[in-house]
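If you're wondering where the values come from, they're calculated on a predicted model, not measured in any experiment.
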Amino acid sequence: MVPEGWKKAEFGTVCSKSISYGIVQTGDAVDDGVPCVRVVDLTKADLNPTEMITTSEEISQSYRKTVLQLGELMLALRGEVGLVRKVIENLVGANLTRGVARIAPDYSKVTSDYLMWAIRSPSFRSDLLRRVGGSALQEISLGELRKVATFIPPLPEQKKIAEILGTWDRAIETAEKQLKNASAQKRALMQHLLTGTRRLKGFEGSEWKTVKLGDAEISVIDGDRGKQYPVASEISEQGFCLFLSAKNVTKRGFYFDNKQFISEQKHSQLRKGALERGDIVVTTRGTVGNIAYFDERVPFNHMRINSGMVIVRNSEKEFDTLFLDILLKSSIIQGQFDRLVFGSAQPQLTVGIINGLKLPLPSLPEQRAIAEVLTIAEQAVSSREMQLQHLRTEKRALMQQLLTGKTRVKVAEAV
């Protein structure tokens, strides 16, 4: 249903010129020539001409239909079909490679900013993707692109909608920068505190040792890989014991969107691999070195590792477990994993390799102090992530309302 005062038009009818696709090829590239935008460039946060391939002025002029002008749009026809960016000042005069289309709005019908948001709207994308062809590489033809249904409100309403959504975009951009800064600060703090290059107050004079994990009264425990190992028919969406998969152990810890369980009977038949509170899980096959800490925040009492993981069980005699968890996730240990992993088709770690990891060993009080500082830094990062996710969710909901006319904006009347 078209909102009152709006029009439904085919996309091609709101463009002032024929939509043109880029025809510059990577084989036309030269040094220090005219920048050419590729689909991959549209995915980057900053559209920087110095990072793009370039072609000669002569070749660019022979493809005049795709020389970019200020305010026009660039739209991906291949791969990430429908990805759209606006031409800004540093791209005026640049050209396009194959797979990117030049969109010149008809300003008597639509503003450039509104058209960009319309392309990103759920209704536009749904119609667009319905027309996409290809399996290995998705692609839409210009003919099909021109037919995509586009909802066009009056120009004053377009400008207001674009203004509102642009404000949300800027808030998201600010939140992204804040998250990036918080993450960088946390990484730097980890590097300094976990190597001893920066010491916390009160611990400046104490010496550190280096120990192998296997010499520090820390057990590395394999899962049960015997004849009782669960088969597909013994795994279900509900059950007594959560049977961990690779999807559950990520670089940021446990993740439980996808869960699989085994029965209490199957759980009792397995000899090894049951987790206890305070255990740390390390992935050892495929994606190696992911770390997750089974602390009191995990909402499952019964969990088991699969055959591509091990349990690191700390005695607490030399290492604080929270400190050990942070240390295992750090670049200090992840760098050792990268050097020691073997297997090209499927990277692997062994219990022996993990036991041989070299760990810096401050005193227990200093470990706890370091863990406290780094936990606060991690909480700051998590807070920024939640804020960013909230803004993105709210913006998506607002786009759905504004770009379909379900929520109308107030436009000041001309005097």
Side-chain angles (χ1 to χ4, degrees), residues 1-22 37 39 42-43 47 65-66 68-88 91 96 99-134 138-169 172 392 394-411:
M1 183 177 176
V2 181
E4 183 180 352
W6 289 36
K7 296 179 181 178
K8 183 178 181 181
E10 291 188 349
F11 183 63
T13 66
V14 297
C15 299
S16 64
K17 303 170 186 175
S18 174
I19 300 171
S20 303
Y21 60 85
V37 182
V39 172
L42 299 181
T43 67
L47 290 169
K65 284 186 176 181
T66 49
L68 298 172
Q69 303 301 318
L70 190 64
E72 294 177 341
L73 305 177
M74 303 164 289
L75 185 141
L77 300 171
R78 294 178 179 175
E80 296 195 41
V81 177
L83 183 62
V84 63
R85 299 291 292 274
K86 189 177 178 181
V87 176
I88 52 180
L91 286 178
L96 301 175
V100 183
R102 173 195 181 191
I103 310 297
D106 181 344
Y107 294 114
S108 68
K109 299 176 181 177
V110 65
T111 70
S112 178
D113 286 334
Y114 175 80
L115 189 59
M116 182 178 66
W117 287 111
I119 292 170
R120 293 174 177 173
S121 71
S123 61
F124 187 98
R125 285 198 58 78
S126 176
D127 195 11
L128 178 80
L129 295 177
R130 184 174 61 83
R131 300 172 183 277
V132 166
Q138 290 194 320
E139 184 171 8
I140 189 168
S141 69
L142 292 186
E144 288 298 312
L145 175 61
R146 293 187 185 104
K147 297 175 186 176
V148 177
T150 312
F151 290 93
I152 307 297
L155 282 168
E157 195 167 353
Q158 291 180 35
K159 292 174 182 177
K160 190 64 177 179
I161 290 171
E163 179 186 325
I164 292 169
L165 293 176
T167 300
W168 279 82
D169 251 3
I172 288 171
R392 286 173 173 165
E394 290 292 309
K395 191 191 88 168
R396 281 195 297 269
L398 191 59
M399 285 176 64
Q400 176 66 20
Q401 293 296 311
L402 295 181
L403 296 171
T404 58
K406 291 178 180 178
T407 297
R408 303 296 293 268
V409 298
K410 291 183 178 180
V411 180

**Request:** Please find out if less than 6.0 Å separates the ring center of Phe124 from that of Phe151.
**Result:**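 Between Phe151 and Phe124, which both carry aromatic rings, the centre distance is not below 6.0 Å.
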Reported [atom1]-to-[atom2] distance for the pair [X] and [Y], which is rounded to 0.5 angstrom:
{"X": "Glu72", "Y": "Ser16", "atom1": "CD", "atom2": "OG", "value": "7.0 Å"}
{"X": "Met116", "Y": "Leu75", "atom1": "CE", "atom2": "CG", "value": "12.0 Å"}
{"X": "Leu91", "Y": "Met74", "atom1": "CG", "atom2": "CE", "value": "5.5 Å"}
{"X": "Leu165", "Y": "Leu398", "atom1": "CG", "atom2": "CG", "value": "5.5 Å"}
{"X": "Arg131", "Y": "Ile140", "atom1": "CZ", "atom2": "CD1", "value": "7.0 Å"}
{"X": "Arg408", "Y": "Lys410", "atom1": "CZ", "atom2": "NZ", "value": "13.0 Å"}

**Message:** Looking at Lys159, I want to see if its NZ is surrounded by more than 12 non-hydrogen atoms of other residues, nucleotides or ligands under 6.0 Å.
**Reply:**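 Check fails, neighbour count at 12 or below.
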**Prompt:** Would you say Lys65 has more than 12 foreign heavy atoms packed within less than 6.0 Å of its NZ?
**Reply:**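 Atom NZ in Lys65 is not packed in, count stays at 12 or less.
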Is [X] reaching over with its side chain to a backbone N or O of [Y], donor-acceptor style, under 3.5 angstrom?
{"X": "Arg125", "Y": "Arg120", "result": "no"}
{"X": "Thr407", "Y": "Gly405", "result": "no"}
{"X": "Glu157", "Y": "Pro154", "result": "no"}
{"X": "Thr167", "Y": "Glu163", "result": "yes"}

Do [X] and [Y] make a side-chain contact, defined as non-hydrogen atoms from C-beta onward lying under 4.5 Å apart?
{"X": "Leu155", "Y": "Tyr114", "answer": "no"}
{"X": "Leu68", "Y": "Val37", "answer": "yes"}
{"X": "Leu96", "Y": "Arg102", "answer": "yes"}
{"X": "Val87", "Y": "Leu73", "answer": "no"}
{"X": "Leu402", "Y": "Trp117", "answer": "no"}
{"X": "Thr404", "Y": "Ser121", "answer": "no"}
{"X": "Arg78", "Y": "Gln138", "answer": "no"}

**Message:** I'd like to know whether Arg85 forms a side chain to side chain contact (heavy atoms under 4.5 Å, CB included) with Leu47, so could you lay out the CA-CA distance, the side-chain angles of the two residues, the decisive distance to 0.1 Å, and finally the verdict.
**Reply:** CA-CA 9 Å; Arg85 299 291 292 274; Leu47 290 169; 3.6 Å; yes
Over all heavy atoms of both residues, which pair between [X] and [Y] is shortest? Give the atoms and the distance, please.
{"X": "Thr150", "Y": "Ile152", "result": "CG2-CD1, 3.6 Å"}
{"X": "Val110", "Y": "Gln158", "result": "CA-OE1, 3.1 Å"}
{"X": "Leu128", "Y": "Gly82", "result": "CD2-CA, 3.5 Å"}
{"X": "Val14", "Y": "Ala9", "result": "CG1-CB, 4.3 Å"}
{"X": "Trp6", "Y": "Val2", "result": "O-CG1, 3.4 Å"}
{"X": "Asp127", "Y": "Ala149", "result": "OD2-N, 2.8 Å"}

**Message:** Here's a test for you: under side-chain contact (heavy atoms from CB on, under 4.5 Å), which of Ile119, Leu42, Val100 qualifies with Leu83?
**Reply:**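 Exactly one pass, corresponding to Leu42.
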**Message:** Asp106 vs Ser108, test: side chain to side chain donor-acceptor pair (under 3.5 Å). Steps then yes/no.
**Reply:** CA-CA 5 Å; Asp106 181 344; Ser108 68; 2.6 Å; yes
**Request:** Apply side chain to side chain contact (heavy atoms under 4.5 Å, CB included) to the pair Ser112 and Tyr107, showing each step before the final yes or no.
**Result:** CA-CA 7 Å; Ser112 178; Tyr107 294 114; 4.0 Å; yes
**Asked** Any Lys/Arg nitrogen of Lys147 or Glu10 sitting under 4.0 Å from an Asp/Glu carboxylate oxygen of the other?
**Response**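 A salt bridge is absent here (no side-chain N lies under 4.0 Å from a carboxylate O).
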**Message:** What verdict does the side chain to side chain contact (heavy atoms under 4.5 Å, CB included) test give for Lys395 and Ile172, after you've listed the backbone C-alpha separation in whole Å, the side-chain angles of each residue and the deciding distance to 0.1 Å?
**Reply:** CA-CA 9 Å; Lys395 191 191 88 168; Ile172 288 171; 3.7 Å; yes
